Enquirer: 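Submitted below is the structure of interest, expressed as structure tokens.
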2 protein chains.
Amino acid sequence: MTSIREEITEKIRDELVAGKFQAGLALREAELAERYGVSRGPIRDAFLQLSQEGFLAYQVNKGVTVRHPLIGEDREFISSIRVQIELYVVGKGFDNLDEEGLAQIAESLKVLEVACESGEVAAIAKADMAFHEALLIACGGEDHVHYWRQVCSRMLLTYTRLGSYKASYQEHVKIYKALKSKMKDVALAAINSNVT
Amino acid sequence: MTSIREEITEKIRDELVAGKFQAGLALREAELAERYGVSRGPIRDAFLQLSQEGFLAYQVNKGVTVRHPLIGEDREFISSIRVQIELYVVGKGFDNLDEEGLAQIAESLKVLEVACESGEVAAIAKADMAFHEALLIACGGEDHVHYWRQVCSRMLLTYTRLGSYKASYQEHVKIYKALKSKMKDVALAAINSNVT
DNA sequence: GGGTTTAAGATTGTTAACAAGAGTTAGGGT
DNA sequence: ACCCTAACTCTTGTTAACAATCTTAAACCC
């Protein structure tokens with residue numbers, strides 16, 4: 001039960017992550033409205049939300065432009081913030097983790113596996129983020145997901161894995177297995193070393 | 001210059017910070033639209049944005065409710081994240097600080113002084129945040145303001161100063177003076193000890 | 001009486017028309 | 001040739017009507 005607004009937001013976000021719009025480009029409401037076959041309303045909502053998430057830069061009466069991805073020092077700093085949030089939420093809520101939560105994480109892991117095999121960077125980035133989000137929610141971190149998401153989102157624009165995608169998948173398997181066998185310290189260590 | 005949407009967002013945010021809506025309360029679009037004398041459009045936009053900022057919880061087809069303030073351990077964690085962001089941005093952009101930026105900070109400081117003298121908690125909380133935002137922007141941290149704001153926002157709902165408001169103001173004066181005299185280490189130390 | 005179904009009311013989601021602002025080009029003056 | 005102005009065009013901002021969804025309360029059956 002999702003609204004058009006949410007669908008549109010996700011579609012545009014996917015296109016941004018996939019690099020279909022180059023940085024600095026101005027997006028027009030009418031153009032995207034026609035492309036997706038909806039009115040400008042949901043497009044405007046999506047622009048607003050994606051601006052909040054850090055993908056787009058918004059200016060009154062002038063619309064939105066695609067922001068440049070985070071690089072270098074800034075990216076590393078954000079990455080450290082992200083890890084801190086995950087460690088905090090999982091560390092605090094580890095005991096809240098139930099069967100249903102684990103199942104959600106397992107499902108995300110499956111999606112990530114498929115994405116890694118396909119080799120499509122955009123799909124992998126999305127699945128990677130979805131895995132971590134499932135992890136946070138399963139640990140009762142709903143309160144923290146909002147800003148975690150904002151912190152992560154722009155990193156997706158430069159999702160580059162030094163190693164192979166298979167290695168990325170394996171890292172996540174390691175996290176999942178530690179969670180399943182209730183080994184808190186192992187799980188936290190695995191999360192900490194899961195640098196993207 | 002500023003749109004109705006922005007004005008409305010700010011007004012509702014102020015009311016939230018001032019505690020005029022109790023936690024858990026459901027806000028109705030039509031009611032606020034009538035109260036502010038505008039249509040539902042800008043109200044919806046404001047709800048969306050304030051949900052992103054963490055003040056409101058949004059559910060599809062069911063509207064928004066006022067979120068509960070962060071307390072205890074969570075609040076301290078968020079507070080530490082906030083300080084890290086400020087230290088990073090100021091540390092990195094200290095040399096970019098120009099006369100205009102300093103002037104903006106000075107102005108925010110003046111507003112904070114007036115607010116502290118008035119003793120109104122909501123006004124003080126707002127001015128406090130505005131000071132730090134001016135600081136970040138002056139140090140070239142526009143890229144980071146978005147998530148910083150989200151990290152801070154919910155803390156405003158429980159703005160409580162252990163000491164007097166005058167002490168709060170003095171802490172900010174200390175930060176400003178260090179910036180003005182280009183003493184980077186002193187400034188960072190002052191920011192670090194400015195716990196709210 | 002308890003529980004389920006159904007219809008009425010209230011609320012949010014979406015759309016299209018209208019208003020307002022920014023950008024651009026053509027025209028006139030110097 | 002240059003600059004300023006004014007009209008035009010394009011884009012975003014706002015509004016009000018319409019559609020879809022959820023909530024409620026009453027009617028109904030068992």
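This one's a predicted model, so the numbers in the text were calculated from it and none came from an experiment.
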Enquirer: Could you list the residues that satisfy salt bridge (Lys or Arg N to Asp or Glu O under 4.0 Å) with Arg5(B), not counting sequence neighbours?
Expert: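 Counting only residues at least two positions away or on another chain, Arg5(B) forms no salt bridge (Lys or Arg N to Asp or Glu O under 4.0 Å).
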Enquirer: Indicate, with yes or no, if Tyr165(A) and Val111(A) share a hydrophobic cluster defined by side-chain heavy-atom contacts under 4.5 Å among Ile, Leu, Val, Met, Phe, Trp and Tyr.
Expert: no
Enquirer: Restricting to salt bridge (Lys or Arg N to Asp or Glu O under 4.0 Å), what partner residues turn up for Glu76(B), sequence neighbours left out?
Expert: none
Enquirer: What integer distance in Å separates Leu32(B):CG from dT12(C):C1'?
Expert: 14 Å
Enquirer: Please report, to 0.1 Å, the donor-acceptor pairs under 3.5 Å made by any side chain of residues 30-39 of chain B, with sequence neighbours excluded.
Expert:
from: Arg35(B); atom 1: NH1; to: Glu15(B); atom 2: OE1; distance (Å): 3.1
from: Arg35(B); atom 1: NH1; to: Glu15(B); atom 2: OE2; distance (Å): 2.8
from: Tyr36(B); atom 1: OH; to: Glu15(B); atom 2: OE2; distance (Å): 2.3
from: Ser39(B); atom 1: OG; to: Gly41(B); atom 2: N; distance (Å): 3.4

Enquirer: Atom pairs, N/O to N/O, protein against nucleotides 12-14 of chain D, distance under 3.5 Å?
Expert:
from: dT12(D); atom 1: OP1; to: Leu27(A); atom 2: O; distance (Å): 3.4
from: dT12(D); atom 1: OP2; to: Glu29(A); atom 2: N; distance (Å): 3.3
from: dG13(D); atom 1: OP1; to: Tyr58(A); atom 2: OH; distance (Å): 2.6
from: dG13(D); atom 1: OP1; to: Asn61(A); atom 2: N; distance (Å): 3.0
from: dG13(D); atom 1: OP2; to: Arg44(A); atom 2: NH1; distance (Å): 2.4
from: dG13(D); atom 1: OP2; to: Arg44(A); atom 2: NH2; distance (Å): 3.3
from: dG13(D); atom 1: N7; to: Arg40(A); atom 2: NH2; distance (Å): 2.9
from: dG13(D); atom 1: O6; to: Arg40(A); atom 2: NH1; distance (Å): 3.1
from: dT14(D); atom 1: OP1; to: Ile4(B); atom 2: N; distance (Å): 2.5

Enquirer: Going by atom types alone, do Asp128(B) and His172(B) pair a side-chain donor with an acceptor below 3.5 Å?
Expert: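 Yes, a side-chain donor-acceptor pair sits under 3.5 Å.
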Enquirer: Compute the angle between the rotation axes at the two ends of the helix from dG1(C)-dC30(D) to dT30(C)-dA1(D), each taken over five pairs, rounded to 10 degrees.
Expert: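 That helix has its two terminal axes inclined by roughly 0°.
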Enquirer: Measure from OH on Tyr36(A) to P on dT15(C) and round the result to the nearest Å.
Expert: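 Tyr36(A) atom OH is separated from dT15(C) atom P by 15 Å.
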Enquirer: Under 4.0 Å between a Lys/Arg side-chain N and an Asp/Glu carboxylate O for Lys110(A) and Glu107(A)?
Expert: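 No.
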Enquirer: May I have all residue pairs that pass side-chain hydrogen bond (donor to acceptor under 3.5 Å, both in side chains) and include part of residues 89-100 of chain A, sequence neighbours excluded?
Expert: Lys92(A)-Asp74(B)
Enquirer: Using a cut-off of 6.0 Å, state whether more than 12 heavy atoms not belonging to Lys166(A) lie near its atom NZ.
Expert: no
